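A short write-up of the structure that comes next.
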There are 2 protein chains.
Amino acid sequence: MELEELKEKLPNLTDPNLLEAMLKYGTVHVFQDGKTITEPGQFIKMVPVILEGAIKIMRMDEDGKELFLYYLEPGETCALSLTCCSASKPSEIKAVAEEKTTLIGIPIQKHEEWTDKFKQWKEFVAMTYQTRFMEMLVALDAVAFKRMDERLMRYIVTKMKQQKTNELHTTHQEIANELGTSREVISRLLKQLEKKKWIELGRNIIYIRDDFEELISI
Amino acid sequence: MELEELKEKLPNLTDPNLLEAMLKYGTVHVFQDGKTITEPGQFIKMVPVILEGAIKIMRMDEDGKELFLYYLEPGETCALSLTCCSASKPSEIKAVAEEKTTLIGIPIQKHEEWTDKFKQWKEFVAMTYQTRFMEMLVALDAVAFKRMDERLMRYIVTKMKQQKTNELHTTHQEIANELGTSREVISRLLKQLEKKKWIELGRNIIYIRDDFEELISI
DNA sequence: TTTTTTATGTGACTAATATCACTAAATTGA
DNA sequence: TCAATTTAGTGATATTAGTCACATAAAAAA
């Protein structure tokens, strides 16, 4: 990859020395849509910085039940990989490419070196911790304080924004997995939303009304 | 406060220059048992480093429903105060002194300065993010994947460890608040534990069998 | 086209938790 | 000491979510 290309993908990182170092020591990886990038128990050797696509971060319990936490989008990195790496502990989460995703993997030693060397990297890491902490709180609020109908509606909004569309190509089972519930529950709740004419249901697709987000906040 | 005293309270921070700086720029505060230190919406101007006692960190929803997240113990700091401060955003959590608590408040500019200046402070901050992230995951697991009976048992163990006792001086209402449920639910579940002879109930007190922790993990 | 697979719809039932209503006991404090 | 307050116990009922069983429909494969 060329410096110019990296610069374009990461508009927030402007320090040419940092970008040069990223190219020199980082390795570019491409993951196809749906590919699992990390699973709980696996050791992480790199700090991933997303260049293109999106990664879905999920928490899992012992029985394999899952819970969606947040997306990593271009220009972002994973706070958990920062902490897991440093502590040389295995991953606590599952990361799946939500679409075809390109990322640059930074070796952990370089990350630690750069927090001293590059002010911008230090700020990038600090910003990462901050946004991820907030997203963890959002995820926590959902499971702790919200009912499934509200969680589902927020999930739809999050997906719409992430995919920049109002047609979600997914199955009820997939949604159920990400919300840590069962397919029947999601089917029924979606049916309720359809009755209210807020969405329309098809096989493998959900059409969402343009004003869905305003509707749900009432 | 004297350097020697601070050294003793914070055995993990050995750099004398760092400790000197903490004394010079930090301010010592004492909070009585039960005193609220921060509430959601309030701005945080200091990074607190706990010297004595313990602080209970809680998440709240709009209706005032609460959820216990974790304790801050001596030698620790709050990851959320680090991120909130830097972003000059209001607090996302409620912090309450769990016992009489002494802390030293570090001005936010000093924190940022010290992450460059003192390797040990940088490591301290990194460690803080790491442990807090893990504790957030534990809290998330509990609400996402565990039933109330298990959450209650884990809560009892956490309290026992924190207070280094097997007599908890608390009310059912207090426990219910911290677990985000209602008093009746807790009363009933405690009664079940009493029937199993794992605990004994009194007014404002719960006596816990010494082998409680081993019992629950079966 | 026919079969097979995958996805969805839905009734019936169960489980977990929340809420309401009330009683009773322990503690406080006037 | 005795009324008021706080804390705890518990039945009845409601709500929410999870599970089971099966029907139906759409898409993919043979």
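Bear in mind that the values here come from a model prediction, so they are computed numbers and not experimental data. Only heavy atoms go into these numbers, but all of them, side chains included; no hydrogens, no water, no symmetry mates.
In this entry the distance linking CG of B/L168 with P of D/dT7 reads 16 Å, nearest Å. In this structure, B/L179 places its CG atom 15 Å from C1' of C/dA16, rounding to the nearest Å. The distance from atom CD of B/Q192 to atom P of D/dG9 is 13 Å, rounded to the nearest whole Å. Atom CG in A/D63 sits about 10 Å away from atom P in D/dT19, given to the nearest Å.
Taking NE2 of A/H172 as the start and CZ of A/R188 as the end, the distance is 12.5 Å to the nearest 0.5 Å.
What you find for B/I106 and B/H111 is that their closest heavy atoms are CG2-N, 4.1 Å.
A donor atom on one side chain and an acceptor atom on the other are found under 3.5 Å apart for A/E99 and A/Q162. Checked by atom type, the side-chain pair B/T38/B/K94 shows no donor-acceptor distance below 3.5 Å. Side-chain contact check for B/E52 and B/T102: at least one donor-acceptor pair (N or O, by modelled atom type) lies under 3.5 Å.
Paired with B/I57 under the rule side chain to side chain contact (heavy atoms under 4.5 Å, CB included), one option of B/I37, B/L69, B/L67, B/V96 passes, and it is B/L69. When A/T171, A/L179, A/N177 are each tested for a side chain to side chain contact (heavy atoms under 4.5 Å, CB included) with A/I175, only one passes: A/L179.
Within residues 144-157 of chain B, no residue has a heavy atom under 4.0 Å from DNA chain D.
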Point to revise | Contact state string [nucleotides 2-11 of chain C, B base, S sugar-phosphate only, - no protein heavy atom under 4.0 Å] | key: ----BSBBBB
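A cation-pi arrangement is absent between B/K56 and B/Y71, since the terminal nitrogen or guanidinium carbon is not both under 6.0 Å from the aromatic centre and inside a 45° cone about the axis. For A/R132 and B/F133, the positive end is not near the middle of the six-membered ring at less than 6.0 Å and at most 45° from its axis.
For the helix from C/dT1-D/dA30 to C/dA30-D/dT1, the axis fitted to the five pairs at one end and the axis fitted to the five pairs at the other end meet at an angle of 30° (nearest 10 degrees).
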